[in-house]
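Structure, as structure tokens:
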Amino acid sequence: MLEITRIRENKNEVIERLTVRNIDAQEKIDTLLKLDEEWRLSKHKMEAIAAEANSLAKSIGQLFKEGKQAEANEAKAKGAALKEEEKMAAEGMNAIADDIQKILYEIPNTPHVSVPTGKLDTDNEVVSESGTIPTVGQNWMPHWELAKKYNLIDFELGVKVTGAGFPFYIGKGARLQRALINFFLDQARDAGYTEIIPPFVVNQASGIGTGQLPDKEGQMYHDAQDDLFLIPTAEVPLTNMYRDVLLKETDFPIKLTGYTPCFRREAGSYGSDVRGLNRLHQFDKVEIVRFEHPSNSYKVLDEMVAYVQGLLTKLGLPYRTLRLCGGDLGFTSALTFDLEVYSAAQDKWLEVSSISNFETFQANRLKLRFKDENGKNQLAHTLNGSALALPRILAALLENNQTEDGITIPAVLVPYTGFDKI
RNA sequence: GGAGAAUUGGCAGAGUGGUCGAAUGCGGCAGUCUUGAAAACUGUUGUACCGCAAGGUACCGGGGGUUCGAAUCCCUCAUUCUCCGCCA
């Protein structure tokens, strides 16, 4: 959520930034500022009435104390009338405030100046490509066939027990999965991140804090009985740890990592890219989250990108780095880099990480602030990134490392798997 | 799941209808004293919003209500503790 004061003071800049997302926010923001003005007027009116009622109430107490019954009763009648007036004024004010809130929830974050214009994912800027693309062998199979051949993952069993998109990992498939999780967590720990095991379900307030709610509830699994949501990413519980927290400047940097399963309804997804591990309703992911001083956050974003790139290099996967264009940028993000690995047998780039700076967009909702050197409270910057999402990593590992006599496990993983070949 | 008790400022803790944004202690900050520090003493010390300002409004777990007036009374929800039940 953008800060209303910022919109008030830099209206044109905000509108101009939002055009990068192909959004014409002019009208919405005009409406917003008009409502804002009305709100302030009605607030002023309401508070004036409240002030009068408050001082009257005080004087009534005094009158009673002095035994002036008649005067007191007269004042009481007046107070009752004032109270009625105050109630009406407050209702008017709150109605306007609700409208303002609603519009604010609808406005996405302003893209960073480096975000390229563009509408589709094909307009994303390829920043770099690294690693060697393997030459596809004669009988190379896509990962879902490999998974079947070596009995690593059973998709049909998942359909029977739960539904499409909930696979079973079996034997070496399961162990490889667990190895990846441990490898990623150990790497994050070595990079100074504190490991967290958070709850896998969150309440509504947390969903609002990180921007999944309102509006995107269709993407999350919801337990209506207790009004709880299955997390779509560890970002939600990890970031909400610091909801309503006032930090000291010396608390920075705050670096968290956590492994969680992620649950996504993926309503509206279809077609060939849901095949196999490419898109699941439940998948495993290790996430890194950071809270930073605003002056430092873009440097940190670069550092996070470099860190995740390092993971892919260690796994020996060819990857490319994309700077997302305005049209592809997530609602809450100001700047996002996506990392995609090349999955040879599918001949596809698969997104395995998304690393974003949200600036104050989430912090504003979270009320995540710090006391600056002047003793003033200001909003912190939040950042996060996948490090890494497992299924597509697994897909690329299986596809790229297949040989005539099995699948080769990258050397860095062998201590974790306990086997070097499938 | 049942019964009872509790929830106040960074922490501890007082406050059962009017002068309470809230005593007191600790902690924090500034100062006096000191070569320096400690101790002692003095002062100061929540957040948000509106306003150029003066100032105003709101907040004593959340929400609602009674009243001219609520930290204080009522309802409701949440959380914590104790006892009982159930259970990995």
Side-chain angles (χ1 to χ4, degrees), chain A residues 1-9 11 32-105 197-209 213-214 223-229 237 240-251 254 360 362-380:
Chain A
M1 185 165 70
L2 296 177
E3 293 145 90
I4 183 84
T5 48
R6 179 180 163 206
I7 299 176
R8 224 183 264 154
E9 285 160 21
K11 175 185 156 185
L32 181 72
L33 291 179
K34 201 170 137 239
L35 284 170
D36 181 50
E37 203 154 307
E38 280 175 34
W39 175 77
R40 276 182 290 170
L41 273 173
S42 74
K43 181 182 167 73
H44 188 79
K45 189 173 140 202
M46 194 279 268
E47 288 186 351
I49 297 167
E52 196 185 341
N54 284 348
S55 75
L56 185 70
K58 268 182 194 168
S59 69
I60 290 171
Q62 196 56 39
L63 288 173
F64 272 124
K65 202 164 277 178
E66 292 165 7
K68 297 175 180 166
Q69 283 293 339
E71 282 176 57
N73 284 330
E74 202 177 305
K76 267 172 78 166
K78 197 176 161 200
L82 270 176
K83 199 212 163 178
E84 200 52 41
E85 224 183 301
E86 182 187 337
K87 201 173 169 184
M88 301 257 295
E91 273 169 18
M93 185 185 87
N94 289 333
I96 298 171
D98 286 350
D99 290 345
I100 290 172
Q101 186 62 256
K102 215 178 129 221
I103 295 177
L104 279 175
Y105 277 147
I197 300 179
F200 301 160
V201 290
V202 293
N203 58 28
Q204 209 170 40
S206 295
I208 290 170
L213 299 174
D223 165 24
Q225 199 159 15
D226 294 309
D227 196 19
L228 295 172
F229 297 85
N240 274 283
M241 286 168 70
Y242 284 80
R243 171 151 49 84
D244 294 317
V245 168
L246 182 63
L247 296 165
K248 295 189 283 288
E249 235 173 305
T250 49
D251 291 333
I254 293 175
T360 59
Q362 289 183 329
N364 189 29
R365 290 194 183 187
L366 293 160
K367 291 201 173 55
L368 166 48
R369 297 166 302 166
F370 67 97
K371 210 172 262 303
D372 68 19
E373 52 188 357
N374 303 316
K376 271 201 73 174
N377 295 340
Q378 52 169 306
L379 295 170

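Each chain gets a letter, A, B and so on, in the order the sequences are listed, and its residues count up from 1.
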Please measure how far the [atom1] atom in [N] lies from the corresponding atom in [M], and state the result in whole Å.
{"N": "B/C87", "M": "B/G15", "atom1": "P", "answer": "43 Å"}
{"N": "B/A23", "M": "B/U32", "atom1": "P", "answer": "28 Å"}
{"N": "B/U44", "M": "B/C68", "atom1": "C1'", "answer": "36 Å"}
{"N": "B/U8", "M": "B/A88", "atom1": "C1'", "answer": "38 Å"}
{"N": "B/C29", "M": "B/A37", "atom1": "P", "answer": "14 Å"}
{"N": "B/C74", "M": "B/G55", "atom1": "P", "answer": "38 Å"}
{"N": "B/G51", "M": "B/A12", "atom1": "C1'", "answer": "37 Å"}
{"N": "B/C60", "M": "B/A71", "atom1": "P", "answer": "7 Å"}

What does [N] pair with, Watson-Crick or G-U, if both distances are under 3.5 Å?
{"N": "B/U47", "value": "B/A58"}
{"N": "B/A40", "value": "B/U32"}
{"N": "B/C52", "value": "none"}
{"N": "B/A6", "value": "B/U79"}

*Name the nucleic acid region contacted by A/K371, choosing base, sugar-phosphate or nothing; use a 4.0 angstrom heavy-atom cut-off, strictly under.*
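Result for A/K371 = sugar-phosphate.
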Write down the distance between [atom1] ([X]) and [atom2] ([N]), rounded to a whole number of angstrom.
{"X": "A/L247", "N": "B/G10", "atom1": "CG", "atom2": "P", "value": "15 Å"}
{"X": "A/E71", "N": "B/G18", "atom1": "CD", "atom2": "P", "value": "21 Å"}
{"X": "A/K248", "N": "B/C29", "atom1": "NZ", "atom2": "P", "value": "11 Å"}
{"X": "A/I100", "N": "B/C49", "atom1": "CD1", "atom2": "C1'", "value": "12 Å"}
{"X": "A/L246", "N": "B/G28", "atom1": "CG", "atom2": "P", "value": "18 Å"}

*Give a yes/no on whether any side-chain N or O of A/R369 is located under 4.0 angstrom from OP1 or OP2 of B/U47.*
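It does not, given that no N or O in the side chain of A/R369 lies less than 4.0 Å from OP1 or OP2 of B/U47.
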*Residues two or more places apart in sequence or in another chain: which of them pass salt bridge (Lys or Arg N to Asp or Glu O under 4.0 Å) with A/E47?*
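Residues passing salt bridge (Lys or Arg N to Asp or Glu O under 4.0 Å) with A/E47: A/K43.
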_By salt bridge (Lys or Arg N to Asp or Glu O under 4.0 Å) - contacts of A/K367 (at least two apart)_ =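 Counting only residues at least two positions away or on another chain, A/K367 forms no salt bridge (Lys or Arg N to Asp or Glu O under 4.0 Å).
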*Can any side-chain N or O of A/R369 pair as donor or acceptor with the backbone N or O of A/A380 at less than 3.5 Å?*
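Judged by distance alone, no pair lies under 3.5 Å.
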*Does atom NZ of A/K371 have more than 12 heavy-atom neighbours from other groups under 6.0 Å away?*
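Count over threshold, so yes.
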_More than 12 heavy atoms of other groups within 6.0 Å of A/E74 CD_ =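 Not buried by this count: 12 neighbours or fewer within 6.0 Å.
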*Give, for atom CG of A/L368 and atom CG of A/L246, the distance between the pair rounded to the nearest 0.5 Å.*
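So the gap between those two atoms works out to 9.5 Å.
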*Between A/R40 and A/D36, is there a side-chain N and carboxylate O pair less than 4.0 Å apart?*
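A salt bridge is present here (some side-chain N lies under 4.0 Å from a carboxylate O).
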_Summary of protein contacts for nucleotides 50-71 of chain B, nucleotide by nucleotide, where a base hit scores B, a sugar-phosphate-only hit scores S (4.0 Å, heavy atoms)_ = SS----BBS--------BBS--
*asked:* Evaluate A/F229 against A/V201 for side chain to side chain contact (heavy atoms under 4.5 Å, CB included), listing each step before the verdict.
replied: CA-CA 5 Å; A/F229 297 85; A/V201 290; over 6 Å; no
